[in-house]
Every structure is written in C-alpha cells, then in structure tokens.
Amino acid sequence: DANIGVKSDLLDGTINYRNGSFYQSSYSNLYAGHWSNLIYYSWNRPVFEFNIGGLGRVRQATFFLDYSSKTVSGENCSFDLNSVQTLGTSIDVTDWNSAVFEKVKDNWFDQNIAGDITADVTNSWNSSINTQRSYLALRLGMDTEENYTSLTNKCMMYFNDTGFGISPHI
C-alpha cells in the first residue's frame with residue numbers, strides 16, 4: 001500500500017495548444033480544459049507518468065489528484081482519463097495525441113468538480129505489467145475538445161502539481 005509519485009517533476013505537467021496549434025509544455029502547472037482571453041483560446045491536457053517497473057500486478061491501484069480551483073464561464077465540459085504511451089524523458093508535443101492504450105475513466109468529472117478526485121487505475125496498471133511496460137502514463141483530456149474555440153467562454157480546471165498540496169500519486 002505504498003504511495004508512488006510521478007517518475008520526476010519533468011513527467012507531470014500540462015501540454016498547451018493555442019488556437020489549435022502546439023504552444024508549450026509546462027512542468028509546474030496541472031491545468032485541464034479550455035481557456036480564453038478575447039485574443040486566443042487554448043486547450044490544456046495534463047499528463048502523469050509513474051514508474052511501476054519491478055512492482056508486478058496489483059489487486060488495487062488508485063490515482064489521486066488534488067483539486068485546486070476552476071474557472072468556468074458559459075460552458076459545460078467533462079473530462080476523460082486515458083492510459084497512454086510513455087512520455088519519454090520530458091513532456092512535449094508528441095504526448096498530446098500519443099496512442100491511447102485504454103480509457104481509464106470515461107467522463108471522470110465535469111465542470112461541477114468541487115474537491116479532490118480519485119480513479120481506479122488497477123486495470124491500466126496490470127495491463128502495463130502484462131505488456132511488459134515499466135511505466136503507467138496517464139493523460140487527462142476534455143471531451144470534444146476541438147469544439148471549444150470560444151474567445152470568451154471557459155472551462156478550465158486547476159490541480160496541485162508536485163510539491164504543492166498533495167502531489168499526484170497512486
């Protein structure tokens with residue numbers, strides 16, 4: 001029942017697309033959703049990678065994510081949690097659409113989120129072990145993200161990153 005944190009602070013953070021094109025990656029923020037400022041809109045997907053090599057199959061694994069705040073105006077939104085390919089040595093543009101191994105949690109939460117959240121990642125953990133991967137990489141994404149192009153409406157969620165509040169962990 002040990003807590004496992006992300007492999008490094010370079011492997012949890014947010015990938016940001018501005019007006020539909022890759023803009024940047026950030027290792028110090030965990031944002032999810034659509035944000036706008038009258039000039040541009042952006043989509044944000046947080047990612048997390050855990051080293052599970054040598055740990056074997058488990059009976060139970062729960063992912064913990066520490067909610068911080070949200071900015072919602074004029075939009076409804078929901079978010080999915082997916083297991084994806086390894087993030088490599090750092091977060092970059094390739095992690096935005098890297099292949100999804102499985103949907104961990106469909107519609108995990110929506111704009112009404114009000115506190116910390118958890119997801120059962122047991123199947124994803126064991127699938128990683130079964131396919132001889134030594135990592136479990138997770139990506140959070142907003143449903144039908146490409147439809148959110150408003151320059152005035154928002155549906156942005158903020159979570160505590162490593163070192164602030166309770167760090168993302170399994």
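Excluded from the calculations below are hydrogen atoms, water molecules and symmetry mates; all remaining heavy atoms, backbone and side chain alike, are included.
Side chain of Asn123 to main chain of Asn126: no donor-acceptor pair is present (N/O by atom type, distance under 3.5 Å, no hydrogens or angles). Although no hydrogens or angles enter the test, the distance criterion places no donor-acceptor pair under 3.5 Å between the side chain of Asn82 and the main chain of Val84. Of the possible polar contacts, none joining the Ser21 side chain to the Arg18 backbone as a donor-acceptor pair under 3.5 Å is found. A donor-acceptor pair under 3.5 Å links the side-chain atoms of Asn19 to the main chain of Tyr41, judged by distance alone. With Gln111 contributing its side chain and Asn76 its backbone, the two residues share no donor-acceptor pair below 3.5 Å. In this structure, the side chain of Arg139 engages the main chain of Asp95 through a donor-acceptor pair within 3.5 Å. Within the 3.5 Å criterion, the main-chain N or O of Asp110 finds no donor-acceptor partner in the side chain of Ser78. Distance alone, capped at 3.5 Å, places no donor-acceptor pair between the Ser36 side chain and the Leu38 backbone. Side chain of Trp43 to backbone of Glu145: a donor-acceptor contact under 3.5 angstrom is found. A donor-acceptor pair under 3.5 Å links the side-chain atoms of Asp116 to the main chain of Tyr67, judged by distance alone.
Between Tyr17 and Tyr31, the distance separating the two ring centers is not shorter than 6.0 angstrom.
For the residue pair Ser73 / Glu75, no side-chain donor-acceptor distance below 3.5 Å is found, with atom types taken as modelled. For the residue pair Asp92 and Ser25, no side-chain donor N or O sits within less than 3.5 Å of a side-chain acceptor on the partner.
When the shell of 6.0 Å around CD of Glu146 is examined, it contains more than 12 heavy atoms from other residues, nucleotides or ligands.
Put simply, Ile170 and Tyr135 are part of two different groups of oily side chains (I, L, V, M, F, W, Y) that touch within less than 4.5 Å, one to the next. Linking Ile, Leu, Val, Met, Phe, Trp and Tyr residues whenever their side-chain heavy atoms come within less than 4.5 Å leaves Trp35 and Trp96 in two separate clusters. In terms of hydrophobic clustering, with Ile, Leu, Val, Met, Phe, Trp and Tyr side chains grouped at heavy-atom distances under 4.5 Å, Val93 and Tyr40 are assigned to different clusters.
Electrostatic pairing of Asp80 and Lys105 does not count as a salt bridge here, judged by no charged N lying under 4.0 Å from a carboxylate O.
Residues Ser83 and Leu136 have side chains in contact (heavy-atom distance under 4.5 Å, counting atoms from C-beta outward). Val104 places a side-chain heavy atom less than 4.5 Å from the side chain of Leu138. Within the 4.5 Å cutoff, the side chain of Leu30 has heavy atoms near those of the Pro168 side chain. Looking at heavy atoms from C-beta onward, Gln60 lies in side-chain contact with Asp120 at the 4.5 angstrom threshold. Using a 4.5 Å heavy-atom cutoff, the side chains of Tyr23 and Ile15 are not in contact. Counting heavy atoms from C-beta on, the side chains of Asp12 and Ile91 never come closer than 4.5 Å.
Checked against Val72 for a side chain to side chain contact (heavy atoms under 4.5 Å, CB included), the options Met157, Lys154, Met156 give a single hit: Met157. A ring pair (Phe, Tyr, Trp, His ring centres under 6.0 Å) with Phe79 is found for one member of Phe159, Trp108, Phe109 and no other, namely Phe109. If you run side chain to side chain donor-acceptor pair (under 3.5 Å) between Asn44 and each of Thr14, Asn29, Asn16, only Asn16 comes through.
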For this session: Just do the side-chain hydrogen bond (donor to acceptor under 3.5 Å, both in side chains) check on Glu49 and Thr86 with the steps written out, would you?
Result: CA-CA 7 Å; Glu49 185 163 290; Thr86 182; 3.0 Å; yes
Exercise. For Asn107 and Asp143, what are the C-alpha separation, side-chain angles and deciding distance, and is it a side chain to side chain contact (heavy atoms under 4.5 Å, CB included)?
Worked result: CA-CA 8 Å; Asn107 298 316; Asp143 282 347; 2.6 Å; yes
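Taking the ring centre of Trp125 as origin, the terminal cationic atom of Arg57 falls outside the region bounded by 6.0 Å and 45° from the ring axis. Phe101 carries Arg133 over the face of its six-membered ring, with the cationic atom under 6.0 Å from the centre and within 45° of the normal.
In this structure, His34 NE2 and Asn153 CG are separated by 7.5 Å, a value rounded to the nearest 0.5 Å.
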